[in-house]
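Labels below follow one simple rule: chain letters A, B, ... track the order of the sequence lines, proteins then strands, and each chain is numbered from 1.
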Amino acid sequence: MKKNSSRFFYAFILNRCVMYLCNMSKVRVRFAPSPTGGLHLGGVRTVLYNYLYAKKQGGDFIVRIEDTDQTRFVEGAEQYIFDCLKWCGMEPDESPLHGGPYAPYRQSERKETYKQYAEQLIKDGFAYYAFDTTEELENMRANFKTPENPSPQYDGKIRMQMKNSLTLSTDEVKKLLTENARHVIRIKMPAQEIISFTDMIHQEVSFDSSLVDDKVLLKADGMPTYHLAVVVDDYLMKISHAFRGEEWLSSAPVHILLWKYLFGLEHMPQWAHLPLIMGPSGKLSKRDGAKYGFPVFAMNWPQAPSASDPKTNELAEGFKEKGFLPEAFINLLAVLGWNDGTEQELYSIEELIESFSIDRVHTAGAKFDFEKAKWFNQEWIKKLPVSHYQQRVKDLFESKSILIKNDTHFNKVLELVKERCVLLTDFYDQAVFFFIAPLQYDEASVKSKWDNTKSDFFSELIARYNLIADWNLISIETEFKNLATEKNSKIGELQMLLRVILVGSKMGPGVFVIAEAIGKTETVNRIEKALVNFSMF
RNA sequence: GCCGCGUUGGUCAAGGGGUUAAGACGCCUCCCUUUCACGGAGGAAUCACGGGUUCGAAUCCCGUACGUGGUACCA
């Protein structure tokens, strides 16, 4: 106790010192999705690492919607993202739905802000207007294309051959601008500069500015591109740490430069580029889900209906609907690319917050393994009390037309079978027979064993069972075993037959436990029914 | 092509100069159970390759190969 509190004290002091030395304000992280479709594995892991880091430091978790591409906007996607976060147990502190001091949190609603910064960059000579049409850009790419350079860039080498405010006269530019000619604003990448920064995962990363193209900052429709928008918003929203997928690493130099030009490197958040999650063959995609039979989205996502191809109007399955518990989903994602150095694998969200550290995140991408994912779910089903997921299982039963009348009894049944369920959906097969009599039997197991002595035994068992006043595990088992002994029959064999009679197949918990649970009347009914059916084998 | 990032069993991974190279999933065998699981005991399987540095390299350095991301008025 004493040791703990002193440890806490020193940790606290250390923390304060670090904050003082770095002149650090509050930890603020953001998850910035585009509302273009389902939220997949990688996305959820990115949120998770953001969330864990923020919560561990007592910081804020912000969700910002990056909807700057109006052509890719999908109705309902934003709400879906929030639903997924809620299901996963990660409530944002600030977001378009939750509000906050830096609203609006939707980039489309901050359009004018970005424009000012873009103009500022032009004024300072760090950016320029470009008037090239789509055709002109295509021509450029076609003309400069060589086997050695299959995808020419709009960069320092060719910008002087294009139609922009660097090549046109001031008057021409002014004229085009007043005429409202379609144009974009591009960053002017410096000719020779090594741009480097420290990534919390990859350590030192550096780029040669001459190899990076003049990225568009402000599009012709006045919307910013991601590059401008992240930097501006991260600054305005006082983001302290920016964790994102590794697919952004290549464009990091653009963002670093923008920070330098606009706000100063000292205000820049600390970066961490998270390795990508892979599918069985390469990058994890929606297709992998269909191909290998596992979900890639957090929750079901109805693919956008397409008039030209009705096949695309299908459902992308989610972990929730597949039968995963959010606890398991979060757990498996957290340890896919991170571990705390101990042998622990099962973590609650609170334990994750406690143990998480960004510097123990792997540098390499990890392949998603569905078998292991299922194992996590199985462990969580065993670990959590049945009451935790009872409603979901109840809904499952009711969707299959089995009405649950008694919740206490239902709870007991689930308790009996929980350790043999991997997915929540398994509860149906594992427990249906507690509610309805088997419709068919495992014939192969019965055929070789069934004869007159067996049918005599079960006929007499019915009589004995009918006499039991107190229907409980002991009386059921005792009667059964006594009768078997009297008849000089093999108990094990008869037990197996009783199991098939009650369940339909060789599965489930102890036979007498099942008999007790379904009750005397139902047990007797099922034996009677089997006596008729088995006579045909 | 160019640039970035990466590479420990099939998968997730610990280990970061001297280890019999942890552990988990999956697979196999056995025990438990005349069921299916759970549980328990075992087993097979690994440092991408080639050069250095070193008494000693999975570990440090350099190449190569492979993978992956970027190379859009997408994010």
Taking the minimum atom-to-atom distance to the side chain of [X], which one of [options] wins?
| X | options | result |
| --- | --- | --- |
| M507(A) | rC12(B), rU35(B), rG6(B) | rU35(B) |
| R72(A) | rU35(B), rG1(B), rC74(B) | rC74(B) |
| R186(A) | rG1(B), rC73(B), rC25(B) | rC73(B) |
| N339(A) | rA14(B), rG1(B), rA75(B) | rA14(B) |
| A366(A) | rA75(B), rG39(B), rC12(B) | rC12(B) |
| E493(A) | rC73(B), rU34(B), rA14(B) | rU34(B) |
| E345(A) | rG10(B), rG23(B), rC73(B) | rG23(B) |
| Q495(A) | rU34(B), rC74(B), rG23(B) | rU34(B) |
| R360(A) | rA14(B), rA75(B), rG69(B) | rA14(B) |
| A364(A) | rG6(B), rA75(B), rC38(B) | rG6(B) |

Please answer whether the main-chain N or O of [Y] pairs with a side-chain N or O of [X] as donor and acceptor at a distance below 3.5 Å.
| X | Y | result |
| --- | --- | --- |
| N164(A) | R159(A) | yes |
| H183(A) | A181(A) | yes |
| D426(A) | L423(A) | yes |
| R141(A) | Q153(A) | no |

Using a 4.0 Å heavy-atom cut-off, does [X] contact any base of the nucleic acid, only the sugar-phosphate backbone, or nothing at all?
| X | result |
| --- | --- |
| H273(A) | nothing |
| M223(A) | nothing |
| G337(A) | sugar-phosphate |
| T134(A) | nothing |
| V216(A) | sugar-phosphate |
| V511(A) | nothing |
| P150(A) | base |

Rounded to the Å, how far apart are [X] [atom1] and [N] [atom2]?
| X | N | atom1 | atom2 | value |
| --- | --- | --- | --- | --- |
| F368(A) | rA24(B) | CZ | C1' | 16 Å |
| K367(A) | rU8(B) | NZ | P | 10 Å |
| K418(A) | rC36(B) | NZ | C1' | 18 Å |
| Q430(A) | rC38(B) | CD | P | 11 Å |
| F144(A) | rG1(B) | CZ | C1' | 17 Å |
| W375(A) | rG39(B) | CH2 | P | 9 Å |
| Q203(A) | rG16(B) | CD | P | 16 Å |
| K454(A) | rU34(B) | NZ | P | 16 Å |

Between Q378(A) and rC38(B), is there a side-chain N or O to OP1/OP2 distance below 4.0 Å?
yes

Less than 6.0 Å separating the ring centroids of [X] and [Y]?
| X | Y | value |
| --- | --- | --- |
| F534(A) | Y441(A) | yes |
| F319(A) | F297(A) | no |
| F480(A) | F457(A) | yes |

[N] and [M]: how far apart are their [atom1] atoms, nearest whole angstrom?
| N | M | atom1 | answer |
| --- | --- | --- | --- |
| rG42(B) | rG67(B) | P | 40 Å |
| rG15(B) | rA21(B) | C1' | 8 Å |
| rA22(B) | rG4(B) | C1' | 33 Å |
| rA45(B) | rG9(B) | C1' | 5 Å |
| rU59(B) | rG52(B) | C1' | 15 Å |
| rG1(B) | rG18(B) | P | 38 Å |
| rC73(B) | rA14(B) | C1' | 47 Å |
| rG39(B) | rA58(B) | C1' | 35 Å |

With D213(A) via side-chain hydrogen bond (donor to acceptor under 3.5 Å, both in side chains) - residues at least two apart
K215(A)

side-chain hydrogen bond (donor to acceptor under 3.5 Å, both in side chains) against E479(A), all qualifying residues, sequence neighbours excluded:
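side-chain hydrogen bond (donor to acceptor under 3.5 Å, both in side chains) check on E479(A) returns nothing, list empty.
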
Please list, chain by chain and in numerical order, all residues satisfying salt bridge (charged side-chain N to carboxylate O under 4.0 Å, His left out) with E486(A), sequence neighbours excluded.
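So E486(A) forms a salt bridge (charged side-chain N to carboxylate O under 4.0 Å, His left out) with R464(A).
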
Would you kindly check whether a donor in the side chain of K372(A) faces an acceptor in the base of rA24(B), or vice versa, at under 3.5 angstrom?
yes

Is it the case that rC38(B) (base atoms only) and R420(A) (side chain only) share a donor and an acceptor within less than 3.5 Å, ignoring hydrogens and angles?
no

List the steps, then state whether side chain to side chain contact (heavy atoms under 4.5 Å, CB included) holds for H202(A) with W271(A).
CA-CA 10 Å; H202(A) 297 281; W271(A) 300 99; over 6 Å; no

Exactly one candidate in Y347(A), W380(A), F324(A) meets side chain to side chain contact (heavy atoms under 4.5 Å, CB included) with L332(A); the answer is F324(A)

What nitrogen or oxygen pairs link the protein and nucleotides 27-31 of chain B at under 3.5 Å?
none

Return the polar atom pairs (N/O with N/O) between nucleotides 2-5 of chain B and the protein under 3.5 Å, or none.
| unit_1 | atom_1 | unit_2 | atom_2 | d |
| --- | --- | --- | --- | --- |
| rC5(B) | O3' | H202(A) | ND1 | 3.0 |
| rC5(B) | O2' | E246(A) | OE2 | 3.2 |

Which comes earlier along RNA chain B counting from the 5' end, the contact point of E66(A) or that of E419(A), where each point is its nearest nucleotide?
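Final value for this comparison: E419(A).
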
Nearest-nucleotide comparison on RNA chain B, the residue closer to the 5′ end among P152(A) and P147(A)
P147(A)

With a distance cut-off below 6.0 Å to the six-membered ring centre and an angular limit of 45° from the axis, does R186(A) pair with Y154(A) as a cation-pi contact?
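Cation-pi check for R186(A) and Y154(A): passes.
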
Under a 4.0 Å N-O cut-off, is there an ion pair linking E78(A) with R106(A)?
yes

If you count every heavy atom of other residues, nucleotides or ligands that lies below 6.0 Å from K286(A) atom NZ, does the total exceed 12?
no

For RNA chain B, just give me the dot-bracket, please: Watson-Crick or G-U, both distances below 3.5 Å, ( ) intra-strand, [ ] crossing earlier pairs, | paired with another strand, . unpaired.
((((((((.[[[..)..(....]]].(((((.......)))))....[[[[[..)....]]]]])))))))....

